[in-house]
There are 2 protein chains.
Amino acid sequence: MAKKITIYDLAQKLNISPATVSRSLNDHPAISQKTKDKVLSVAKETGYRTNKFAANLSKQKSNTIGVIVPKLNSIFMSTVLSGIEKIANNFGYNLVISQSLESQEKEKLNAKTLFDSGVDALLVSLAYETDDYDHFTTYTDRKIPLLFFDRVCDLPNCPTISIDNEAAGYDATQHLIKNGCQNIVHISGSLKRNVYAGRLEGYKKALYKNKFPVKPENIIESDLNIGQVKEFVARIKASEQKVDGIFVSNDTFAANCIKELIKEGFRIPEDIKVIGFNNDPVSEVISPSLSTIEYPGYKMGILAGQSIISHLSGSINIQSADQILIKHKLIARESTQI
Amino acid sequence: MAKKITIYDLAQKLNISPATVSRSLNDHPAISQKTKDKVLSVAKETGYRTNKFAANLSKQKSNTIGVIVPKLNSIFMSTVLSGIEKIANNFGYNLVISQSLESQEKEKLNAKTLFDSGVDALLVSLAYETDDYDHFTTYTDRKIPLLFFDRVCDLPNCPTISIDNEAAGYDATQHLIKNGCQNIVHISGSLKRNVYAGRLEGYKKALYKNKFPVKPENIIESDLNIGQVKEFVARIKASEQKVDGIFVSNDTFAANCIKELIKEGFRIPEDIKVIGFNNDPVSEVISPSLSTIEYPGYKMGILAGQSIISHLSGSINIQSADQILIKHKLIARESTQI
DNA sequence: TTAATTTACGCAATCGGTTGCGCAATTCAT
DNA sequence: ATGAATTGCGCAACCGATTGCGTAAATTAA
């Protein structure tokens with residue numbers, strides 16, 4: 001049981017050369033169908049399994065795609081991953097997934113490890129704190145396809161996949177304004193990240209457009225940690241000018257704000273309207289249900305997967321599309337409409 | 001730029017043999033410190049990176065752990081994965097993650113692929129429909145560590161990590177009874193899976209204990225797909241004997257039930273008390289907040305990771321613990337208490 | 001000083017496929 | 001029937017690191 005059988009064994013059994021066996025198994029055109037059939041059949045009989053280690057070594061590729069995400073345990077990220085995995089799996093690639101835990105240090109380490117382990121391509125969504133991108137040059141130098149999704153950065157020749165965060169931020173803010181808000185607070189994540197910086201820009205733009213002042217005290221850069229909800233709500237309560245609208249960069253935080261606001265006696269949406277971001281499952285279930293921006297994570301994963309695969313297989317058509325923007329959509333629910 | 005440099009290059013530069021270089025890099029005791037230092041320094045200078053393909057081939061191991069989960073995009077599963085990744089990463093292992101999408105077919109395929117790709121160990125949470133386990137014999141035959149978590153099965157020599165689902169089901173039901181429920185419906189997942197079968201057993205046990213009848217019409221085996229909520233609520237509404245308690249095997253489904261029940265005019269918890277399972281984030285946010293069973297996913301991931309690592313490194317101490325049960329905890333919230 | 005150990009390193013086989021090149025056998029054109 | 005083109009396959013050199021075994025050099029013992 002469990003004796004490893006190699007192409008040499010097959011070759012011997014069939015009285016042909018290992019080279020022919022190898023080519024047969026790979027359906028090489030220079031081998032006659034008759035021979036291929038024989039090889040295939042014996043391979044099946046004997047339970048031959050190709051040794052990936054050897055194949056990898058000689059081909060210098062692993063059929064493996066590396067992924068670095070900030071955190072695995074978020075419904076958004078795992079939905080994206082689900083899409084990536086689907087595509088990768090379809091095309092015979094394995095996915096090696098690692099998380100940076102929002103730390104630049106770990107992200108660098110992971111990038112190194114994945115490089116050493118020989119991934120054929122790398123997909124990255126950046127950590128909260130990353131502000132230097134040297135750890136990716138190893139990849140670009142060796143022409144290993146590198147693609148960023150969601151939390152992207154613009155490195156030369158690196159395609160990115162994201163939504164138009166500025167437009168989305170604009171839409172969210174505009175929606176609040178249309179529903180009567182006059183003094184809107186925006187809770188943002190790290191402004192190092194495009195996703196949050198973009199949304200903030202959109203927020204400002206909407207204010208400009210409506211000739212509302214952009215007040216620094218209304219812009220809160222936070223790590224969106226739920227522990228800070230209370231502190232934030234206290235701040236809202238204490239603010240001089242009555243806050244009547246909140247645009248939060250993330251549904252989970254928004255949902256918890258709503259809970260806390262209600263506990264503090266605010267009526268949502270009558271006193272304060274709240275809009276979130278992502279369309280997490282929680283946004284539908286909370287009451288009042290949370291208006292939000294739909295961020296199609298699964299689709300993003302699918303596209304990221306397809307894009308990287310087509311890079312790998314050398315189709316150049318997608319390569320031209322260096323920046324893919326996915327459409328977002330405003331979902332108006334109870335938390336913003338009386 | 002980007003010329004691959006090998007131990008042979010290093011050997012030449014240093015006028016020593018490749019073998020010595022290899023041993024130096026691996027800190028082999030038979031090499032003098034002086035030589036090691038030289039090698040290390042030149043390796044650093046030249047930017048040498050060991051070729052894992054070659055190392056894997058000769059060592060016949062990949063420093064890689066395979067994982068098969070039913071779905072990536074669930075908050076519970078991704079939390080478990082997060083824990084596994086943490087440990088794996090700490091010990092220098094990479095994680096290759098694939099999803100069965102609840103299909104036995106895909107699970108088998110994934111098991112094969114991961115085997116071929118040479119994972120050193122495999123972690124599995126079974127698909128909904130899996131009822132035959134032959135695809136794992138490849139692993140057990142070759143003594144490749146195989147461990148099941150959450151949705152487990154008992155194969156010889158395969159450790160499992162889960163909670164005591166029967167006890168948890170018992171606790172949940174008992175909690176409903178204590179709070180006055182007399183006619184409790186249980187919504188279960190596939191009874192092929194230990195997790196659901198166990199919870200059902202616990203449910204029955206609690207009923208027995210309180211001398212309540214176990215009515216078949218009160219036990220619903222479902223795929224827990226949210227699309228079925230309406231149908232289910234209709235059934236509750238139409239039931240002859242008034243249902244006053246529901247024990248749902250999963251928070252997401254439970255939360256949606258609550259929403260739908262309320263929409264249909266039921267008061268929660270006054271008319272019907274509901275308890276879920278998992279302690280998903282959604283359970284805290286919904287109103288009324290959902291009583292549930294805490295299922296420590298992260299901890300499960302950590303334990304699964306540690307267990308498999310210790311198998312791999314040959315520590316036998318954990319090997320004896322063939323079945324790890326993690327403690328659950330009942331969390332009583334508003335949905336069950338007036 | 002010489003023999004017995006110990007230390008430090010090199011030789012060469014091995015892991016199992018892959019692939020450029022060359023040659024023989026077969027098929028085709030004339 | 002004969003040279004030309006095509007087809008089918010084998011030889012052998014990789015891919016780059018690991019490791020059992022053997023031996024020269026250095027150290028210790030006597």
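Just so we're on the same page: letters track the sequence lines, and every chain starts at 1.
- In this structure, B/Phe136 has its ring center closer than 6.0 angstrom to the ring center of B/Phe148.
- Evaluation of the side-chain hydrogen bond (donor to acceptor under 3.5 Å, both in side chains) test over residues 67-87 of chain B, restricted to residues two or more places apart or in two chains, returns A/Gln99-B/Ser82, A/Gln99-B/Glu85, B/Glu85-B/Asn89.
- To the nearest 0.5 Å, atom CG of residue A/Leu14 and atom CD1 of residue A/Ile7 are 12.0 Å apart.
- For the residue pair A/Asp150/A/Tyr295, the side-chain donor-acceptor check at 3.5 Å is satisfied.
- Residues of residues 43-54 of chain A having a heavy atom closer than 4.0 Å to DNA chain C, listed by number: A/Tyr48, A/Arg49, A/Thr50, A/Asn51, A/Ala54.
- Heavy-atom neighbours of B/Lys192 NZ from other residues, nucleotides or ligands within 6.0 Å: above the threshold of 12.
- Residue B/Leu10 contributes atom CG, which lies 12 Å from atom C1' of D/dG16 at whole-angstrom precision.
- Rounding to whole angstrom units, NE2 of residue A/His28 and P of C/dT19 are separated by 9 Å.
- Atom CG of A/Asp154 is surrounded by 12 or fewer heavy atoms from other residues, nucleotides or ligands within 6.0 Å.
- With rounding to whole Å, B/Leu14 atom CG is found 17 Å from C/dA8 atom P.
- Evaluation of the side chain to side chain donor-acceptor pair (under 3.5 Å) rule for B/Asp132 yields B/Lys108 as partners, not counting sequence neighbours.
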Listing time: all N or O pairs from protein to nucleotides 22-24 of chain D that are below 3.5 Å?
none

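- B/Asp223 meets the side chain to side chain donor-acceptor pair (under 3.5 Å) test with no other residue; sequence neighbours excluded.
- If you take NZ of B/Lys59 and C1' of C/dC15, they are 13 Å apart, rounded to a whole angstrom.
- A/Thr6 comes within 4.0 angstrom of sugar-phosphate atoms only, judged by non-hydrogen atoms across all strands, and of no base.
- Shown here is B/Lys13, whose NZ atom has no more than 12 heavy atoms of other residues, nucleotides or ligands within 6.0 Å.
- We find that CG of A/Asp27 is positioned 14 Å from P of C/dT19, with the value rounded to whole Å.
- Distance, A/Lys61 NZ to C/dT19 P: 11 Å, rounded to whole Å.
- Salt-bridge check for B/Glu102 with B/Arg193: failed, with every basic side-chain N at 4.0 Å or more from each acidic carboxylate O.
- Comparing D/dT18, D/dG16, C/dT18 against the side chain of B/Ala55 picks out D/dT18 as the nearest.
- Rounding to whole angstrom units, CD1 of residue B/Ile5 and C1' of D/dC15 are separated by 16 Å.
- Atom CD of B/Gln12 sits in a sparse spot, with 12 or fewer heavy atoms from other residues, nucleotides or ligands closer than 6.0 Å.
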Quick one, give me the B/S/- string for nucleotides 8-14 of chain D, reading 5' to 3', where B means a protein heavy atom under 4.0 Å from the base and S means that only happens at the primed atoms, P, OP1 or OP2. BBBBB--
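- For A/Asn56 and D/dC15, the shortest distance from a side-chain N or O to OP1 or OP2 is not below 4.0 Å.
- Atom-to-atom, CD of A/Gln60 to P of D/dC15 comes out at 9 Å; the value is rounded to the nearest Å.
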